[in-house]
Amino acid sequence: MTDEPSFTEATAVAAAGSGQWSGAFAPGWDILGNTNGGYTLAVASRAASASEDGRLPVSVTGHFVRRARTGPITVRTETVRSGRRFSVVRSDISQDGAVVLATIGTYSADPGTAETLLADATPVDLPPPEKCERVTSSKTGPFPPPSMDRFEMRAGPNLARMAAEGPTGQARIDGWLRLHNNEPFDAHALIMATDAFPPTAFNAGLPVGWTPTLELTVHLRATRVVGWLKCEYTTRFVSGGYLEEDGLIWDENDNLVAQSRQLALVSQPQ
């Protein structure tokens, strides 16, 4: 158990006028002083959802304009279209008068629970969470970063081997994730989860350092998940100074709940 703010509280926004919302990036969600990208996108999604009377995200894309820091923020939302079932909403987050994140997303009044008609992938094979080592922030260096203490992460085989023996040469990371106090993963928390694990490039032997996200797209396949998430991330190409990272997130019953792809810069040695 922990008495720190829940994820819902850490991403809360308050109405501040027509299409405007106020909030703050909470302490501890940073990497080398830069607020985690998935967390910032979750805050923007929560504001956009609130602007549409609680419609939930189906697909959200964020473009990261500047470095974000812990502290007050302003969110502006604009409804591009609001239909019977779907709304399209633009949102941006500003700090000190400058935009740090620009997003566009589709939000649904009825995300649906239709049966799976095609599944051409299977969940990563992981030992039970209790048999996997917990990942926490470093007390002596920048990695693992403080954000690792904002949730409970358990290292899967690829992450565990990297931590114990160094990079395996494969750009692959896996493991379990849940929120403190067994707080359910709502759609916004699932957005954060897609960017919670260490970059896959670290396991390929690329420099360990801040790996800035340029763009992150998340597709939501569930609206609420209780318990552990089973997560797998892979990179196939690193070229021109950029890398892509693909994420698949499953629930404890092996149902796909979220997919992601992000484009990031290759980190430089620290």
Side-chain angles (χ1 to χ4, degrees), residues 6-13 23-49 56-70 73 75 91-93 100-105 135 137 143-153 159 173-180 183 185-202 210-222 225 229-235 243-249 257-265 267:
S6 67
F7 182 80
T8 300
E9 293 168 335
T11 53
V13 294
F25 289 143
W29 284 95
D30 55 292
I31 303 165
L32 293 173
N34 307 292
T35 305
N36 172 268
Y39 166 77
T40 66
L41 187 58
V43 175
S45 173
R46 196 173 293 283
S49 178
L56 296 174
V58 175
S59 179
V60 181
T61 296
H63 291 266
F64 296 81
V65 183
R66 294 178 178 83
R67 299 186 182 201
R69 308 285 186 177
T70 299
I73 60 171
V75 189
S91 63
D92 61 56
I93 298 181
V100 297
L101 173 67
T103 86
I104 189 163
V135 181
S137 65
F143 295 98
S147 58
M148 294 297 169
D149 297 331
R150 304 282 75 80
F151 37 71
E152 185 175 350
M153 179 184 293
L159 179 53
I173 293 288
D174 47 37
W176 295 95
L177 191 75
R178 71 177 176 183
L179 297 176
H180 290 311
E183 179 184 357
F185 277 91
D186 64 8
H188 312 294
L190 285 172
I191 291 174
M192 176 279 296
T194 67
D195 194 33
F197 280 75
T200 52
F202 293 1
W210 183 45
T211 305
T213 301
L214 299 179
E215 182 266 349
L216 173 61
T217 294
V218 182
H219 303 309
L220 285 306
R221 299 301 186 94
V225 181
L229 299 177
K230 185 184 291 186
C231 308
E232 179 183 23
Y233 305 91
T234 57
T235 293
L243 61 91
E244 94 289 341
E245 184 173 297
D246 292 316
L248 292 174
I249 299 182
V257 297
Q259 296 170 272
S260 65
R261 167 166 280 197
Q262 69 170 283
L263 183 71
L265 294 174
S267 63

Counting only N and O atoms by type, is there a donor-acceptor contact under 3.5 Å from the side chain of [X] to the main-chain atoms of [Y]?
X    : Y    : value
H180 : D149 : yes
R69  : G33  : yes
T35  : A68  : yes

(request) Under the side-chain contact (heavy atoms from CB on, under 4.5 Å) rule, collect the residues that match up with A10, sequence neighbours excluded. (result)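 A10 satisfies side-chain contact (heavy atoms from CB on, under 4.5 Å) with A26, W29, Y39 only.
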(request) Please name all residues satisfying side-chain contact (heavy atoms from CB on, under 4.5 Å) with T61, sequence neighbours left out, ordered by chain then number. (result)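 side-chain contact (heavy atoms from CB on, under 4.5 Å) list for T61, sorted by chain: H63, E215, T217.
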In the structure I gave you, are the side-chain heavy atoms of [X] and [Y] within less than 4.5 Å of one another anywhere?
X    : Y    : value
P198 : M148 : yes
T40  : V100 : no
W176 : M153 : no
F25  : D30  : no

(message) side-chain contact (heavy atoms from CB on, under 4.5 Å), that's the test. Do I93 and V43 meet it? Break it down for me.
(response) CA-CA 9 Å; I93 298 181; V43 175; 4.2 Å; yes
If I compare all heavy atoms of [X] with all of [Y], which pair ends up nearest, and what's the gap?
X    : Y    : value
P57  : H188 : CD-CE1, 3.7 Å
A47  : V75  : CB-CG1, 3.6 Å
A42  : F7   : CB-CZ, 3.9 Å
S267 : F202 : OG-CE1, 4.1 Å
A196 : F151 : CB-CZ, 3.8 Å
A102 : V65  : N-CG2, 4.2 Å

Hey, what do you get for [atom1] ([X]) to [atom2] ([Y]), rounding to the nearest 0.5 Å?
X    : Y    : atom1 : atom2 : answer
S59  : R221 : OG    : CZ    : 10.0 Å
H219 : Q259 : NE2   : CD    : 6.5 Å
D174 : C231 : CG    : SG    : 9.5 Å
L243 : L265 : CG    : CG    : 8.0 Å
S45  : M192 : OG    : CE    : 12.5 Å
I73  : L101 : CD1   : CG    : 9.5 Å

(message) As a test of understanding, state which of I249, L190, I191 forms a side-chain contact (heavy atoms from CB on, under 4.5 Å) with F185.
(response) L190
(message) By the definition side-chain contact (heavy atoms from CB on, under 4.5 Å), identify the one residue from N36, L32, I31 that meets it with P145.
(response)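 So the option named by the test is I31.
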(request) State which residue, out of T194, T211, D246, D195, fulfils the side chain to side chain donor-acceptor pair (under 3.5 Å) condition with Q262. (result)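 Going through the options one by one, the only one that passes is D195.
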(request) Going by the side chain to side chain donor-acceptor pair (under 3.5 Å) test, name the single residue among T235, T213, T200 that passes it with E245. (result)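 The single option meeting the side chain to side chain donor-acceptor pair (under 3.5 Å) with E245 is T200.
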